[in-house]
Each structure stands twice: as C-alpha cells, then as structure tokens.
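All remarks here apply to the structure that follows.
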Amino acid sequence: MNKITILLLSVFINLSLIAQQKIDSLRQLLSKAKADTTIVNLLNQLAGEFIESSPDSTLQYASEARQLSQKINYAEGEILSIRNIGIALGLTGNYSKGLEYSLESLKRSEALGNKDLVQRSLWAIGGAYSFQEDHQQALQYILKALDFYKDRPNDKNFAGALLNAGVTYFSLKQYDSCRYYLDKSLIVATRFNDISNIAAANMNLARIFLASKQYDTAIIYFRKSMPFFLEDNNHLFIYSNAYFLANTFDSLRQYDSAMHYSQLSLQHARAMNSPISVSEITRQLSSLFRQMGRPDSAYYYLNVAMIARDSVNSQESQKKIQLLTFNENLRQMEIAEQKNKDAETRKRNLEFSGIAVFIPLFLLVVLLLGKRKIRSRTVEFLAVLSLLFLFEFIVLFVHPYIGHWTHESPIWMLLILVAIAFVLVPLHHRLEGWMKKKLLSGRK
C-alpha cells in the first residue's frame with residue numbers, strides 16, 4: 001500500500017470515527033457508569049478511539065460491548081460493536097473478515113430501521129473496500145451514505161462526507177466528479193467554520209491541479225491548506241502537503257523551494273515514526289540533490305531510504321505476526337461467544353422440555369381430580385388453566401420461527417399470529433367443552 005493510499009485511508013478513518021471524547025475521560029465515565037446501556041455506549045466509544053492506534057484494544061472493548069449488548073438485548077449497541085470490530089479487522093489487513101462484520105452491521109441496522117446506524121455501517125463498508133483499494137465498490141457505499149444528508153444539510157458531518165466522496169473519485173481518476181464534491185465540501189465546511197475539512201478540501205483540490213499539471217494553481221491551494229495543518233500540528237497532513245508541494249516545485253525546476261518542503265516533509269515523517277513515509281521523502285531528497293549536482297548528499301539520502309525500506313519490511317513481518325495474534329484472539333472470543341449461545345440454547349431447550357412434560361401431567365392431574373369429591377368450580381378452573389398453558393406454549397414455541405421467517409416484520413408477524421389465534425381460539429373452546437364434559441362424566 002503506497003503513501004498516497006495511506007493518506008486517503010487516514011482521511012477516511014478520521015472523518016468516520018464516532019468517538020468524540022478523550023480516552024481518559026471515557027475511562028473515568030466508564031468507571032462511574034451504572035446503567036448497562038451507558039456502559040455499552042462508552043465501551044463502543046473507547047473502541048472507536050483505539051481504532052488507528054491499537055486495533056487489539058478496539059477488539060477488546062468492542063467485544064465487551066457486544067457481549068453486554070447481547071445480554072441486555074441492546075440491539076443498537078451490538079450493531080456499533082460489530083461495526084467497530086469490522087473496521088479494526090480491515091486496518092490490520094484481514095479485509096475479508098472486516099468486510100463480513102461491516103456487512104453484518106448494515107444488515108442488522110436495516111432490520112432495526114435505524115437510519116443513523118445504517119449510515120455508519122455504509123461508511124464502514126466503504127472503508128473496507130478502500131482498504132483493499134477497490135475504490136469502485138467503495139464509491140457505491142460512500143454515495144449511499146451521502147444520500148442520508150439530503151434531509152440533514154446542516155449536519156456538521158456533511159462536509160466530511162462530501163470530502164470522502166471527492167477523495168474516492170480522485171482515486172478513480174475521475175477528476176471532474178472529484179472537484180464537484182470537493183467544492184461542495186469546501187462550501188459546507190466554510191459555512192460551519194470547519195477548519196480541518198477546509199484544509200483537507202483545499203489540499204485535495206490542489207492534487208487535482210497537480211495531476212493535470214496546473215502547477216501554479218496547485219501551489220496556491222496547497223499553501224491555503226498548510227497553515228491549518230501547522231496550527232493543529234497534524235504530522236500526517238503536514239508531511240503529505242509538503243511532499244506534494246515539493247513534487248510541484250520539482251516539476252517547475254524550482255529546486256530550492258522543492259528542497260525546503262522536502263525537508264519539512266521529512267521532519268514530520270520522522271515525528272510520525274513512519275518508515276514508509278521516511279523512505280518516500282528521502283528518495284525524493286536523493287533525486288533533488290542528484291539534479292542539483294550534489295552526489296554525496298544524493299547518496300546519503302538514498303542510503304537513508306534503503307534503511308527505512310528495510311525497517312518497513314521488518315514492520316511488515318511484525319505486522320503479520322500481530323495479525324495472527326489478533327485473529328487468534330478474535331477466534332477465541334468467537335468460541336467463547338458460541339459457547340454462551342450454546343449454553344443459552346441448552347437452557348431454552350430444557351425449559352421447553354420441562355414445559356412440554358409439565359402440561360400433559362397437569363392435564364392428567366386435573367382429570368384425576370375430576371373423579372374425586374372436589375368442588376367442581378375448582379376443577380373447571382384448573383382445566384381452563386391447563387388449556388391456557390397448552391395454547392400459550394404453542395404460541396411461545398412457534399414465535400421464534402415466525403420471527404425468522406418474516407425477518408421480524410411486524411405486519412407479517414401480526415398476520416400470522418392472528419391466523420394462529422383464529423385456529424386456536426375455537427379449538428380452545430371445543431377442548432374446554434370436552435374437558436368439562438369429561439369431568440362431569442367422571443363424577444357421574
């Protein structure tokens with residue numbers, strides 16, 4: 001995955017995270033929280049905070065949120081936890097599994113009818129495809145998510161959503177569409193004084209002009225965005241902006257300016273502790289020194305680039321080991337979750353078996369009581385009660401299957417349950433009459 005792709009994914013992730021509070025504050029709130037739903041929400045926010053820095057922590061918090069959500073039947077919390085797990089898996093390189101979780105969160109969001117969760121799930125799926133550099137597929141989901149802002153033009157996240165669409169079009173080299181969305185993003189961000197999106201939109205507009213070799217215009221837009229990044233001390237965006245500016249000046253053969261921005265880019269690449277970024281920018285510096293007739297400096301930076309590349313390879317090996325560990329942790333969690341589900345299923349089956357044994361025994365006891373000298377009113381009451389047990393058990397037994405067949409559609413479930421009642425109610429009256437007759441004949 002090259003440097004530009006890493007930049008695009010970082011833009012995408014930063015603009016789609018739902019967590020707003022700092023980790024320490026969230027942990028403090030979590031320690032004081034009493035309501036289960038509040039705990040789930042805080043766990044999901046913590047999972048979101050750790051997505052880029054520590055996917056293992058994201059997995060831990062999101063899994064805890066999911067388990068508690070299942071325990072208290074909190075559908076919204078479980079969907080968010082599934083979404084967070086999917087994003088974390090994608091960032092660690094397990095793209096197929098990450099996409100599987102993201103699609104699951106979308107499916108459940110749609111079944112629940114929660115538009116906000118649907119939108120968040122669509123962003124996650126778009127990100128999953130972006131991780132794999134399948135930008136055409138990513139675009140479909142990003143545009144679907146963007147449609148949700150038609151009814152919410154004043155939403156503070158609207159500028160970021162437009163920016164994501166523009167960035168994705170840039171990856172597809174569809175520059176007219178890219179500029180359309182970036183211009184709209186800039187207008188919305190300016191209206192809300194959204195500094196980060198103003199800067200990001202200007203930088204990406206500059207990249208369009210750079211791609212079309214309109215170097216002077218590209219420089220204007222790159223320089224517009226730089227002060228915002230410097231103010232926030234955002235190493236990634238300062239590095240990227242300076243890198244592109246150095247490329248632009250190199251194309252214009254203005255080597256002093258190219259050297260200045262390359263050095264600035266290198267400074268922030270080192271601040272990020274990113275070997276791949278250091279490798280990219282030092283190769284650029286080596287090329288600049290070679291063109292300026294300074295072979296010693298060119299050789300020095302080429303050597304630095306080679307060392308950084310070796311470090312990248314070493315990190316890739318470590319990442320593979322971390323990924324194996326991450327996947328094993330996920331597998332163990334899934335095993336534990338399946339054990340819990342199996343235990344719940346066994347408990348449910350035992351309860352159903354107990355009820356199934358109890359009802360005929362209860363009916364038998366009522367029939368035996370009918371032959372004894374017990375008040376007829378009491379026996380009739382017990383007979384009606386036993387029939388109620390029987391018919392309610394039938395409804396209870398078929399309800400999960402009806403929900404599965406109808407995908408929890410309230411209309412279809414209501415119609416089917418009415419149809420069952422249409423059969424059971426007359427049958428109940430007939431059996432009640434039969435029971436009374438049987439009891440009376442037993443007394444005679």
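As the structure is a computational prediction, the values presented were derived from the model and not from experiment. Only this structure's heavy atoms are used, side chains among them; waters, hydrogens and symmetry mates stay out.
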Within 6.0 angstrom of Gln254 CD, more than 12 heavy atoms from elsewhere: yes
Non-neighbouring partners of Phe148 that pass ring pair (Phe, Tyr, Trp, His ring centres under 6.0 Å), sequence neighbours left out: none
Residue pair Asp296 / Phe289, side-chain heavy-atom distance below 4.5 Å: no
Step-by-step side chain to side chain donor-acceptor pair (under 3.5 Å) determination, Gln70 to Gln67: CA-CA 5 Å; Gln70 290 173 337; Gln67 289 172 8; over 6 Å; no
Heavy-atom donor-acceptor pair, Thr282 side chain to Ser279 backbone, under 3.5 Å: yes
Spacing of Glu104 atom CD and Ser109 atom OG [to the nearest 0.5 Å]: 9.5 Å
Intermediate values then yes/no, side chain to side chain contact (heavy atoms under 4.5 Å, CB included), Glu64 and Leu46: CA-CA 11 Å; Glu64 288 179 19; Leu46 275 167; over 6 Å; no
Heavy-atom neighbours of Met272 CE exceed 12 at 6.0 Å: yes
Side chain to side chain, Ile307 and Asn303, heavy atoms closer than 4.5 Å: yes
Tyr149 and Phe158 aromatic ring geometry - parallel, tilted or perpendicular at 30°/60° bounds: parallel
Intermediate values then yes/no, side chain to side chain contact (heavy atoms under 4.5 Å, CB included), Gln119 and Arg152: CA-CA 12 Å; Gln119 184 200 39; Arg152 295 182 292 173; 3.5 Å; yes
Ring pair (Phe, Tyr, Trp, His ring centres under 6.0 Å) pairs, two or more places apart, involving residues 193-216: Phe209-Tyr221
Nearest heavy atoms of Ser69 and Glu78, plus distance in Å: OG-N, 3.3 Å
Minimum-distance pair of heavy atoms, taken over all atoms of Ile219 and Leu252: CD1-CD1, 3.6 Å
Approximate separation, where rounding is to 0.5 Å, of Leu89 CG and Leu99 CG: 10.5 Å
Spacing of Leu80 atom CG and Gln45 atom CD [to the nearest 0.5 Å]: 9.5 Å
Shortest non-hydrogen contact from Ile281 toward Ser262: CG1-O, 3.4 Å
Distance-only side-chain donor-acceptor flag, Gln291 / Ser287, under 3.5 Å: yes
Side chains of His135 and Tyr129 in contact at under 4.5 Å (non-hydrogen atoms): no
Shortest non-hydrogen contact between Leu210 and Ala218, atoms and distance: N-CB, 3.7 Å
Residue pair Thr58 / Ala47: nearest heavy atoms and the distance that separates them: OG1-O, 2.8 Å
Interatomic spacing from CH2 in Trp123 to OG in Ser130 - rounded to 0.5 Å: 10.0 Å
Heavy-atom side-chain contact between Leu288 and Arg294 under 4.5 Å: no
Charged N-O contact under 4.0 Å between Asp147 and Lys150: yes
Pairwise side-chain contact, Leu117 with Ser105, heavy-atom cut-off 4.5 Å (strictly under): no
Side chains of Tyr61 and Glu49 in contact at under 4.5 Å (non-hydrogen atoms): no
Residues Asp116, Arg120; criterion side chain to side chain contact (heavy atoms under 4.5 Å, CB included); working and verdict: CA-CA 6 Å; Asp116 183 57; Arg120 292 180 179 184; 3.3 Å; yes
Working for side chain to side chain contact (heavy atoms under 4.5 Å, CB included), residues Gln137 and Gln132: CA-CA 10 Å; Gln137 278 289 99; Gln132 301 174 74; over 6 Å; no
Leu245 side chain near Phe249 side chain, heavy-atom distance below 4.5 Å: yes
Separation of Ile125 CD1 from Leu103 CG (nearest 0.5 Å): 4.5 Å
Whether His235 and His268 hold their rings parallel, tilted or perpendicular, with breakpoints at 30° and 60°: tilted
Side-chain donor-acceptor pairs under 3.5 Å in residues 173-186, sequence neighbours left out?
{"residue": "Ser185", "atom": "OG", "partner": "Ala159", "partner atom": "O", "Å": "2.8"}

Minimum heavy-atom distance Ala246-Gln284, with the two atoms named: CB-OE1, 3.3 Å
Contact check, side chains of Phe222 and Thr248, non-hydrogen atoms, under 4.5 Å: yes
Reported CE-to-CG distance for the pair Met203 and Asn241, which is rounded to 0.5 angstrom: 6.0 Å
Asn84 side-chain N/O to Asn44 backbone N/O, donor-acceptor pair under 3.5 Å: yes
Main-chain N/O of Ala200 paired to Asn204 side chain as donor or acceptor, under 3.5 Å: yes
Charged N-O contact under 4.0 Å between Lys107 and Glu110: no
